[in-house]
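Here the structure comes first, spelled out in structure tokens, and everything after it is commentary.
Per chain, numbering begins at 1; letters A, B, ... match sequence-line order.
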Amino acid sequence: MLDIKLIQNDFESVAQSLRKKKVDESLLEELRAISLELKSARLVLEPLQAEQNSKSKLFGVYAKEGKDVSSLKAELSENKAKIADATEIVRALEEKLEALATIIPNMPSPLVPEGEDENDNVELKRVLEPRVFSFTPKEHWDIDSAQNWIDFERGVKLAKSRFSVLKNEAARLERALINYMLDFNRTRGFVEVAVPYIVNRETLMGTGQLPKFEDDLFKIDGEELFLIPTAEVPVTNLFRDEILTKEELPLKMTAYSACFRKEAGSAGKDTRGMIRQHQFDKVELVCITTPEQSEAVFEEMLSCASDLLTSLGLPHRHLMLCGGDLGFSAAKTVDLEVWLPGQNRYREISSVSNTFDFQARRAKIRFKDEGKNRLVHTLNGSSLAVGRTLIAIMENYQMEDGTVSIPDVLKKYM
RNA sequence: GGACAGAUGGGUGAGCGGCUGAAACCACAUCCCUGCUAAGGAUGCGUCGGGGUAACCUGACCGAGGGUUCAAAUCCCUCUCUGUCCGCCA
């Protein structure tokens, strides 16, 4: 959620910033109008409440002293009706404000480049040279070994399209990758946590998936519960409604989880292979920091994910997302794209974002700083999407004879 | 799923329909003492918001939402969650 006060006091800078993200300015204008209306409506209500409070206290005193209270009682009853009207006005405005404030995305950081979509993202750097093949590398589903590793048809039989089954080395590689990534992150100071895969509405509001993106989530029938689209949701919300101490920050956490996404907007995209599934495994990084720490921690997370790819021998590049491609909650995002020789292109495998205080304001995560409560910054990043890492290994480590070799660092995990 | 009990500030935990935003203790912060010493003493200390340069004034909040009342943490209703016992089950 954006800072309503900032919208009231410095509308132009908020509007300017959100233009980068292609936000409809009329929404913002409306939000400001309602917030100001609400302010004046409260100015009507509160003196009435103050009057009611003080006179009700008097009532008690009079009654004890045996004085006549009938005229006072009449006044109070009359005032009570006024309060009811004023309260209704305030309540309705609060509801409107809430509805609007929760669907407006975060402001991009000033460092975020202008741009419409993914074509305007800015490449920051490339790490590792793609391997030169003496044969034409195949896409992962065409590699001979894959016939024995991934069963797409039976995944569909069990659930529906965009589900698959891993077998043999692929199943073991998946498990090895998860363990390797968690251990790697632990050496970088991230504390491992294991969290629920099903969460409630408040939790999803906290990180920004709700109310706007309910269509992207799998909802449990008959319950107000949803399958998590990423471990970012439960891990960040661990501290919802809490006031932390400055000393315990930054909190650096890592979690493995399965992730569930409806992929509502991507019909027909990546239908072949394992790139885009309804269920996938991911190891996530989540950090909670003071505003002063967040930029440095962002860099730590980014290098953690990038070094992980490097340690696996996977060529990749860093992309700074432009305003138009930035997610709802993010102020700044750097994507890591891994080289897929079979597809002959880079594909997203990790995304590291700083949301500044956007999620913290929604989730009410604060810390005590010299007696004052301040909002924390929250950051999240994948490290890495496990299924895509598996694909990347298959395509980058494929041999001419159709087998796949295993990166050295993973051998002890297999 | 059935029966009962409970939900109060960072924690434990009092709370009679008005004098309670809330005792006490712990934790924490600042200061004092250093002949009660792994101690003693003083003061401060909930959250969010409005007004004011400031001292300060003021509204809401005691799981959530309704209701009764001039007045509700306190009474009534609904819901959620937690605990205990029973049932079921990894």
Side-chain angles (χ1 to χ4, degrees), chain A residues 1-9 31-102 194 196-206 210-211 219-226 234 237-249 251 258 288 357-376:
Chain A
M1 209 158 66
L2 296 177
D3 183 359
I4 304 284
K5 257 189 214 161
L6 188 64
I7 294 171
Q8 286 175 352
N9 300 334
L31 181 63
R32 180 173 70 154
I34 290 170
S35 74
L36 293 173
E37 252 184 274
L38 178 59
K39 204 167 164 178
S40 51
R42 286 205 171 115
L43 245 39
V44 174
L45 172 62
E46 287 178 8
L48 292 172
Q49 288 174 320
E51 186 184 340
Q52 194 76 356
N53 287 342
S54 62
K55 284 191 176 164
S56 286
K57 265 182 192 162
L58 250 190
F59 189 101
V61 175
Y62 282 11
K64 201 173 268 177
E65 292 171 353
K67 287 190 188 164
D68 178 38
V69 291
S70 56
S71 70
L72 189 57
K73 187 166 178 173
E75 275 177 49
L76 279 160
S77 296
E78 195 185 320
N79 195 46
K80 192 181 174 183
K82 285 192 212 162
I83 288 179
D85 292 346
T87 302
E88 179 49 31
I89 292 170
V90 166
R91 197 204 53 75
L93 285 169
E94 278 173 345
E95 202 171 272
K96 267 199 207 168
L97 186 79
E98 161 88 8
L100 253 185
T102 51
Y197 295 179
I198 295 178
V199 296
N200 59 33
R201 198 169 273 281
E202 296 73 58
T203 296
L204 286 155
M205 282 289 256
L210 287 181
K219 183 164 190 278
I220 312 277
D221 191 29
E223 310 249 13
E224 283 301 287
L225 294 170
F226 302 80
N237 275 279
L238 244 22
F239 303 97
R240 176 155 51 87
D241 284 319
E242 294 194 23
I243 301 174
L244 304 163
T245 62
K246 194 175 184 178
E247 290 66 40
E248 62 192 313
L249 300 178
L251 285 160
I288 297 187
D357 59 11
F358 185 81
Q359 291 179 329
R361 187 173 292 106
R362 289 177 157 247
K364 300 187 180 66
I365 310 174
R366 291 153 294 172
F367 72 103
K368 205 49 108 188
D369 189 13
E370 275 148 39
K372 291 278 226 179
N373 294 327
R374 301 175 63 200
L375 292 168
V376 299

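Across all strands shown, G40(B) forms a Watson-Crick or G-U wobble pair, both distances under 3.5 Å, with C32(B).
At a threshold of 4.0 angstrom between heavy atoms, the contacts of Glu242(A) with the nucleic acid are absent. Contacts of Lys55(A) with the nucleic acid, taken as non-hydrogen atoms under 4.0 Å apart, are absent.
Nearer to the 5' terminus of RNA chain B, by closest-nucleotide assignment, is the contact made by Leu43(A) (compared with the other of Leu43(A) and Ser54(A)).
In this model, the phosphate group of A27(B) is not approached by any side-chain N or O of Lys368(A) to a distance below 4.0 Å at OP1 or OP2. Considering only side-chain N and O atoms, Lys80(A) lies under 4.0 angstrom from the phosphate OP1 or OP2 of A71(B). Arg42(A) has no side-chain polar atom (N or O) that falls below the 4.0 Å cut-off from OP1 or OP2 of G51(B). Proximity of Asn53(A) to the phosphate of A71(B): no side-chain N or O atom is located under 4.0 Å from OP1 or OP2.
Counting only heavy atoms from C-beta on, Asn373(A) has its side chain closest to U47(B) among G50(B), U69(B), U47(B). For Ala50(A), the listed nucleotide lying nearest its side chain is U58(B); candidates were U58(B), C70(B), A60(B). The Lys57(A) side chain lies nearest to C19(B) when the options are C19(B), G50(B), U47(B).
Arg361(A) places a side-chain N or O within 3.5 Å of a backbone atom of Met1(A) that can act as its donor or acceptor partner. Looking at Asn200(A), its side chain does come within 3.5 Å of a backbone N or O of Thr203(A) through a donor-acceptor pair.
Among all heavy-atom pairs drawn from Glu98(A) and Met205(A), the shortest one is OE2-CE, 4.0 Å.
Contact annotation: the side chain of Arg240(A) never approaches that of Lys364(A) to less than 4.5 Å [non-hydrogen atoms, C-beta and beyond].
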